2 protein chains.
Amino acid sequence: MTVTREPVVAIKSEIDRQDTTRRAKAQDLIRSAILNGYFSTGQKLVERELCKLTGASRSILREALVKLEASGLIERQSYRGYRVATLNVQKVCEIFELRAALETLAAELFTERASPEETAALNQAYSNLEQCITAFDLNRTRAAKQQYYDVLFSGCRNVEIRRALENIIDRIYYLRSRLMQDPNRRMASLEEMRRLTEALIKRDRVAARAASIAHLEAARGAVLLRMAQDEVDSKAKTTSTAI
Amino acid sequence: MTVTREPVVAIKSEIDRQDTTRRAKAQDLIRSAILNGYFSTGQKLVERELCKLTGASRSILREALVKLEASGLIERQSYRGYRVATLNVQKVCEIFELRAALETLAAELFTERASPEETAALNQAYSNLEQCITAFDLNRTRAAKQQYYDVLFSGCRNVEIRRALENIIDRIYYLRSRLMQDPNRRMASLEEMRRLTEALIKRDRVAARAASIAHLEAARGAVLLRMAQDEVDSKAKTTSTAI
DNA sequence: TTGGAGTTTTTTGTATACAATTTTTTATAT
DNA sequence: ATATAAAAAATTGTATACAAAAAACTCCAA
């Protein structure tokens with residue numbers, strides 16, 4: 001009797017490997033469309049239109065929608081279809097509370113479980129991120145950030161934490177993409193992550209925890225500030241339209 | 001212009017209300033079948049058979065499977081269908097690590113945010129649980145435990161934490177149902193929850209955190225012990241079969 | 001104009017048929 | 001007997017057709 005053993009380090013791209021099904025593609029397309037603002041928050045998503053957009057049939061599309069619903073990016077009501085989830089201040093606070101718990105735990109575990117190779121990889125991922133940010137390359141910055149967190153979550157040796165975070169990550173990206181447009185925030189964020197990286201490499205659990213919390217607190221503050229500004233802007237716009 | 005406001009306390013049965021679709025029913029049926037051991041861990045789930053079992057058509061069934069996959073109860077491979085997820089020691093530790101982070105955070109937030117009505121409800125839920133356990137009523141105990149956690153998660157004012165936990169709750173139930181058969185563990189668990197309840201009602205954040213962690217540590221230990229015993233049993237059985 | 005009942009249209013929920021892939025079986029050669 | 005390759009069966013992936021519910025529209029009355 002042979003026993004199948006899981007690899008110690010699970011890598012995401014390996015988990016759902018070779019899933020080139022149309023469902024996966026449709027899911028990604030819709031996800032991108034939402035994150036890039038093609039669909040606005042609260043907007044009704046009509047299945048037939050999504051079929052046209054993605055080229056997929058309705059059965060496939062519906063499976064994709066079920067999956068997207070699980071990540072909280074869209075919401076469903078019986079016989080009334082799906083809508084893009086709305087994000088108010090309360091919701092953002094809740095998401096950050098959860099994110100903080102998960103990421104901070106991951107950081108703490110990293111200090112105890114990461115291999116030397118992984119701490120080196122983390123250091124490199126940070127350097128890469130630093131270059132992207134100082135070069136004002138937003139697209140590469142996004143990829144670099146993803147890579148950094150990939151290393152972090154591999155090193156913490158807990159696939160479930162990553163899974164839980166993946167279920168809110170889309171909404172986090174949505175928030176993050178709006179933040180990265182602010183140069184000040186970008187530089188501040190980089191500095192926060194530098195401190196986090198330092199603590200992680202030193203395997204200083206307490207410092208890592210503190211750095212992670214500080215980073216997320218700052219990010220939350222920036223998001224809320226941005227939301228407040230948008231609120232004011234949209235009101236001013238409405239007023240001018242009315243005039 | 002009217003602004004729609006979310007209710008402060010979101011109740012689960014209200015979130016997915018009136019979802020009497022066949023998909024929801026099929027999903028529940030398969031979920032129950034797995035939790036009750038009708039399908040064993042690792043077993044292949046053939047869609048056609050599930051159709052017969054649930055009475056649903058394949059399109060509906062597949063949507064249900066996508067949702068169950070999101071909760072980690074089943075796993076999918078392209079063109080190879082679904083299997084009931086397997087739980088090894090590593091996986092159980094990961095789940096408990098995540099669960100601890102989420103439940104402990106919920107408990108801490110409860111001490112700061114719960115209304116007087118909610119602390120009262122929690123107290124009552126505990127009393128109810130105590131009765132069920134001392135009366136050796138396993139079915140009612142399960143419901144009582146669910147009710148207790150419903151109050152806890154309502155009081156912490158964070159729907160996202162609950163959502164994240166719901167994505168692993170099925171696997172937790174799976175573990176819990178095996179534990180509750182041990183009378184000693186039942187009583188110990190009750191005592192742990194008594195301490196947690198006390199701390200929550202006193203709004204003692206530090207004590208609540210400690211009680212929550214202690215409870216989950218004990219539960220994890222009991223699960224691992226149980227798994228080790230089962231391992232020995234199954235080996236003994238295999239041996240005797242070979243003879 | 002407004003409000004409401006009935007009808008039409010649209011949209012979601014469901015079932016089934018077809019295509020692509022995997023698994024099993026069978027036949028054949030070594 | 002065993003291994004291998006082709007063929008058959010089973011299973012998943014995909015598309016489409018039908019049913020039920022919701023939304024939009026029409027028309028008439030107050």
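All of these numbers come straight from a predicted model, not from anything done at the bench. Chain identifiers are assigned alphabetically (A, B, ...) following the order of the sequence lines, protein sequences preceding nucleic acid strands; residue numbering begins at 1 within each chain.
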Let me know the distance between CZ of A/Arg58 and C1' of C/dT16, rounded to the nearest Å. 14 Å

In terms of heavy-atom contacts, does CG of B/Asn36 have more than 12 from other residues, nucleotides or ligands at under 6.0 Å? yes

Rounded to whole angstroms, how far apart are CZ on B/Arg76 and P on C/dT21? 14 Å

What is the distance from CD of B/Glu49 to P of D/dT11, rounded to the nearest Å? 7 Å

Would you check if the side chain of B/Arg23 reaches a backbone N or O of B/Ala64 as a donor-acceptor pair within less than 3.5 Å? no

Starting from P on D/dA21, measure out to CD on A/Glu47 and report it in whole angstrom. 16 Å

Taking D/dG13, C/dT11, D/dA15 as options, the one with an atom nearest any side-chain atom of A/Thr21 is D/dG13

Are the side chains of B/Arg157 and B/Leu109 in touch, meaning some heavy atoms are under 4.5 Å apart? no

Between C1' of D/dT12 and CZ of A/Arg22, the distance in whole Å: 14 Å

Scan B/Leu61 against the nucleic acid and name what it touches under 4.0 Å (heavy atoms): base, sugar-phosphate only, or nothing. nothing

The test is side-chain contact (heavy atoms from CB on, under 4.5 Å); show your working for B/Leu50 and B/Tyr82 and say whether it passes. CA-CA 11 Å; B/Leu50 295 179; B/Tyr82 291 89; over 6 Å; no

Could you state the atom-to-atom distance from OH of A/Tyr79 to P of D/dA19 in whole Å? 14 Å

Rounded to whole Å, CZ of A/Arg23 lies from C1' of C/dA20 at a distance of 17 Å

Among D/dT11, C/dT14, C/dT11, find the nucleotide with the atom closest to the side chain of A/Arg62. C/dT14

Compare side-chain N and O positions of A/Lys25 against OP1 and OP2 of D/dG13 and report whether any pair is under 4.0 Å apart. no

Nearest whole angstrom, please: distance from the P of D/dT12 to the OH of B/Tyr82. 10 Å

Under 4.0 Å, counting only non-hydrogen atoms across every strand here, what does A/Leu50 touch: a base, just sugar-phosphate, or nothing? nothing

